[in-house]
Amino acid sequence: MPIVSAPPREIIERVKKLRAEIARHNYLYYVLDAPEIPDAEYDRLFRELQELEARYPKLITPDSPTQRVGAAPPKKFGAVRHEVPMLSLANAFAEQEVVDSDRRVRERLGLEQVEYSAEPKLDGLAVSLLYQRGQFTQGATRGDGETGEDVTQNLRTIKAIPLHLYGTGYPELLEVRGEVYLSKRAFAALNADAQARGEKVFANPRNAAAGSLRQLDPKITASRPLAFYAYGLGKIQGGAMPDNHSAILAQLRDWGLPVAREQKVVQGVQGCLDYYRDMGARRAQLPYDIDGVVYKVNRLDYQEQLGFISRAPRWALAHKFPAQEELTEVLDIEAQVGRTGALTPVARLKPVFVGGVTVSNATLHNQDEIERLDVRVGDAVIVRRAGDVIPEIVSVVRERRPPHTRPYHLPRHCPVCGADVVRAEGEVVARCSGGLYCPAQRTGAILHFASRRAMDIEGLGDKLVEQLVAQKLVQTPADLYTLTPGQLAALERMGEKSAANVHGAIQKSKKTTLARFLFALGIREVGEATAQTLANHFGGLDAVMQADEETLQNVPDVGPIVAAHIAAFFRQRHNREVIQRLRAAGVNWPGMKREPAAHLPLASKTFVLTGTLERMTRDEAKEKLQALGAKVSGSVSSKTSYVVAGADPGSKLDTARGLGVEVLDEAALLKLLRG
Ligand code: IVH
């Protein structure tokens with residue numbers, strides 16, 4: 001029940017205290033990025049304040065943190081005139097343009113070198129926030145720069161925007177300018193949500209931020225995790241501000257307004273270009289999208305001297321990154337088969353320069369994604385390449401669709417091996433059912449086995465593995481260890497030298513760790529981390545191989561699905577054989593037990609080699625035989641199982657004949673090695 005009489009003194013004090021505490025925690029969280037208390041504790045303070053205000057409505061003030069969503073939706077936004085126009089920035093794309101701009105600035109100011117404030121250029125939308133006596137009273141969009149829309153109620157819902165400035169010393173009237181944006185993570189969550197509800201997804205964080213801020217109902221805006229960064233000032237009255245831009249930003253930060261952490265003071269044009277390169281390299285790791293950086297002459301008196309030219313200040317320059325979105329055309333759609341058999345549709349594009357590289361392929365992920373986009377061969381599409389991520393198709397330009405296009409469907413048979421393509425109930429991924437008989441899956445499995453984080457075989461790239469698989473030289477990872485330099489050198493685009501290097505890298509990879517080995521096997525759902533946990537938990541390979549699903553589930557992070565994949569993998573006789581052959585080939589790791597090679601086809605057989613072989617050296621033949629479990633000895637005795645005789649054999653052949661030991665020629669040996 002609300003109490004209408006005057007609230008007791010201790011309640012008034014408590015409410016004040018709570019608001020101060022909440023403001024301080026907002027500051028720590030949004031401005032300093034260094035929260036002191038967990039979210040739950042913050043929520044507790046917030047609820048306490050809400051309860052007290054509910055009991056004593058007289059205590060509610062418009063700048064109370066509980067009052068972010070208040071007013072009812074307006075019919076349309078009012079207009080706000082910007083007394084100090086909201087300008088735009090001149091753009092530079094090439095380094096030379098930055099150099100030229102700096103030269104002009106220096107010439108006008110008569111300086112050798114200029115100090116700049118370098119800042120990220122956030123990809124959101126510009127707003128103006130008016131603080132009167134520290135209280136947030138009005139917020140507006142940029143509009144045409146002269147007049148914007150009154151979005152005060154929506155801006156109030158953004159928690160990074162303080163409703164009341166923190167600390168003291170601010171001017172009577174302070175207009176702050178900055179960017180409303182969505183972090184990459186918030187954007188992804190927002191779109192995932194929209195997709196789950198079957199709503200339209202946003203093409204990029206910028207559109208999502210703009211769409212969210214321009215909602216008439218502040219409740220909708222409040223449900224969107226918008227953020228804000230300040231980057232400058234508008235009108236100031238009744239107070240003074242520092243005399244350089246970076247100090248102004250520091251001051252705004254002290255008053256509780258978030259400022260980009262990446263903002264930095266740099267010296268001269270070289271400082272600017274270094275900053276540009278550094279931000280370009282860090283772009284993918286930043287929590288928000290940026291489309292470039294901004295350089296601003298740091299001293300305000302210099303800014304004033306420089307003035308404006310056609311709606312843009314001469315003292316600031318936006319240095320843009322190469323466009324991340326471009327228009328192009330879908331030439332074809334193909335299904336690629338990965339190592340787990342997953343079919344990934346890939347759009348072949350008319351090559352287009354985007355995000356700093358030429359893009360001619362874009363992943364379409366899966367059939368659902370194709371249907372969501374309704375992308376067809378012949379369509380005009382917008383492709384996006386952000387940072388190092390795989391290029392993606394953002395949307396189809398429907399107005400430009402040529403006549404007679406047809407919806408695309410993944411094939412029903414594997415394009416590589418012809419096996420049925422199946423899509424399990426409830427799964428988004430369609431898979432080739434050919435297993436390791438499918439050359440694509442085999443190639444994928446071997447590439448994975450050889451990859452850097454697995455067995456780390458340098459130089460074993462996809463073109464090479466494709467050839468090895470196509471020529472049936474390698475069917476399983478174990479076959480890698482019986483490859484000879486001669487076989488490698490005979491492949492396309494391989495010289496003697498690179499063949500020797502790859503052969504050396506394969507030999508070197510034998511020394512590994514159990515975790516790497518487990519990861520290299522390519523068991524479904526067993527990534528690097530799980531492989532490491534399995535290795536730590538079981539300590540040895542045999543223990544992992546023998547573990548049943550129940551035992552496997554005792555391993556931290558291994559649930560029933562992963563356990564089932566692991567157990568199923570080791571149940572396959574084929575897989576156990578491959579592992580046995582890998583061990584016999586000499587793959588080893590610290591703490592590995594020397595395991596008997598009893599399962600191998602040539603176990604318990606002893607070979608003696610004599611004469612010159614044509615297709616391989618004796619050493620290579622020896623290695624291959626050993627890989628299959630055989631012993632290779634230097635002298636013939638009654639215990640010798642076979643003598644392999646090449647051209648010009650020595651006395652060993654006579655001894656063998658004398659003892660009645662079976663003699664093989666090279667053709668017979670090859671047949672034996674092929675199994
Ligand atoms: S300063 C008079 N600084 O870029 C200078 N703008 O292309 C006005 N923007 O409308 C802008 N980050 O929305 C400035 N650190 C930054 C910025 C930034 C993003 C946006 C802003 C502006 C647009 C101009």
Side-chain angles (χ1 to χ4, degrees), residues 80 82-93 97-98 101 105 116-129 139-149 151 155 158 160-161 175-183 204-210 213-214 226-236 241 244-246 248-250 252-253 257-266 272 275-276 278-280 282-283 286-300 302-321 323-324:
V80 173
H82 301 301
E83 271 187 60
V84 177
M86 289 183 79
L87 302 174
S88 59
L89 292 169
N91 287 325
F93 293 92
E97 295 172 77
V98 180
S101 158
V105 165
Y116 291 97
S117 166
E119 308 166 9
K121 187 170 185 306
L122 302 178
D123 210 3
L125 74 160
V127 295
S128 145
L129 311 176
T141 61
R142 175 170 182 273
D144 63 4
E146 304 283 338
T147 314
E149 284 176 319
V151 286
L155 289 169
I158 300 175
I161 294 179
E175 187 190 340
V176 179
R177 292 188 174 164
E179 198 88 348
V180 166
Y181 71 97
L182 268 172
S183 69
N204 54 49
R206 210 206 99 75
N207 289 2
L213 191 65
R214 298 192 64 263
L226 291 168
F228 171 80
Y229 270 156
Y231 55 64
L233 294 178
K235 193 178 170 185
I236 305 293
M241 291 298 286
N244 72 68
H245 181 76
S246 54
I248 289 174
L249 293 183
L252 292 178
R253 189 184 272 143
L257 289 148
V259 171
R261 329 195 110 239
E262 292 77 17
Q263 186 269 339
K264 195 177 158 192
V265 173
V266 300
C272 292
Y275 181 82
Y276 177 83
D278 180 46
M279 291 300 284
R282 288 167 51 195
R283 191 177 181 191
L286 291 178
Y288 41 69
D289 269 347
I290 61 176
D291 57 356
V293 298
V294 184
Y295 313 124
K296 298 173 184 165
V297 172
N298 203 23
R299 272 174 60 163
L300 293 202
Y302 289 160
Q303 291 190 1
E304 236 160 87
Q305 258 187 69
L306 289 163
F308 302 86
I309 179 167
S310 68
R311 317 203 28 76
R314 281 206 191 85
W315 45 265
L317 182 69
H319 190 181
K320 303 283 272 282
F321 293 131
Q324 294 193 300

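Counting from 1, the numbers follow the sequence of the chain as shown. Whatever order the structure lists them in is the order used to number ligands and atoms, beginning at 1.
- Partners of Ala260 under the side chain to side chain contact (heavy atoms under 4.5 Å, CB included) rule, at least two apart in sequence or in another chain, are Pro120, Tyr229, Glu262, Tyr288.
- Taking every heavy atom of both residues into account, Gly139 and Leu155 meet most closely at CA-CD1, 3.4 Å.
- Residue-level contacts of ligand 1 at the 4.0 Å heavy-atom threshold are Leu87, Leu89, Glu119, Pro120, Lys121, Leu122, Ala126, Arg142, Glu179, Tyr231, Val294, Lys296, Pro313.
- At distances below 3.5 Å, not a single donor-acceptor pair connects side-chain atoms of Arg314 with backbone N or O atoms of Ile309.
- With a 4.5 Å cut-off on side-chain heavy atoms, Val180 and Val151 do not count as touching.
- A donor atom on one side chain and an acceptor atom on the other are not found under 3.5 Å apart for Ser246 and Gln263.
- Atom CH2 of Trp315 is separated from atom OG of Ser117 by 10.0 Å, given to the nearest 0.5 angstrom.
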